[in-house]
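Beneath this line is the structure, given in structure tokens, with notes to follow.
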Amino acid sequence: MFVGSGGSKILFGEPMLTKAYLETLPDVTLDVKQPAEFQKPGYSTTKYRISYDKQQKIYTVLLEG
């Protein structure tokens with residue numbers, strides 16, 4: 001996961017994937033490491049799924065949890 005911040009605040013988190021990794025046609029669900037505490041209460045992604053549909057030739061990167 002790539003985490004972006006500005007000043008002292010976390011602004012976003014997103015999975016960063018290389019083209020070479022996507023070319024392996026992954027089908028995996030990974031846990032997102034959680035911080036010890038959050039700046040604001042709310043929802044946070046706990047998993048992300050990466051998959052490839054061979055029939056439709058579509059990659060999916062899905063944030064879950």
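Being a predicted model, the structure only gives us computed values, none of them experimental.
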V3: hydrophobic cluster co-members (side-chain, 4.5 Å)
I10
The criterion is side chain to side chain contact (heavy atoms under 4.5 Å, CB included); which residues satisfy it with T18, sequence neighbours excluded?
A20, Y21
Partner of Y48 by side-chain contact (heavy atoms from CB on, under 4.5 Å), out of L63, L62, T29
L63
Can you sort out the partners of D27 under side chain to side chain donor-acceptor pair (under 3.5 Å), two or more places apart, ordered by chain and number?
R49
Quick test of your reading: applying side-chain hydrogen bond (donor to acceptor under 3.5 Å, both in side chains), list the pairs with at least one residue in residues 55-65, sequence neighbours left out, ordered by first then second residue.
none
Would a hydrophobic clustering, with Ile, Leu, Val, Met, Phe, Trp and Tyr connected at side-chain separations under 4.5 Å, put I58 with L22?
no
For E23, enumerate each residue passing the salt bridge (charged side-chain N to carboxylate O under 4.0 Å, His left out) test, keeping only those at least two apart in sequence or located in another chain.
K19
Check side chain to side chain donor-acceptor pair (under 3.5 Å) between T24 and all other residues, then give those that pass, not counting sequence neighbours.
none
For residues F12 and M16: do they belong to one hydrophobic cluster (side chain heavy atoms under 4.5 Å, members Ile, Leu, Val, Met, Phe, Trp, Tyr)?
yes
V61 versus P15, closest heavy-atom pair with distance:
CG1-CG, 3.7 Å
What pairs with E14 under side chain to side chain donor-acceptor pair (under 3.5 Å), at least two apart in sequence or on another chain?
none
Would you give the length of the straight line joining atom CD1 of I50 to atom CG of L30, rounded to the nearest 0.5 angstrom?
5.5 Å
Under a 3.5 Å cutoff, is there a donor and acceptor pairing between the side chains of T46 and Q34?
no
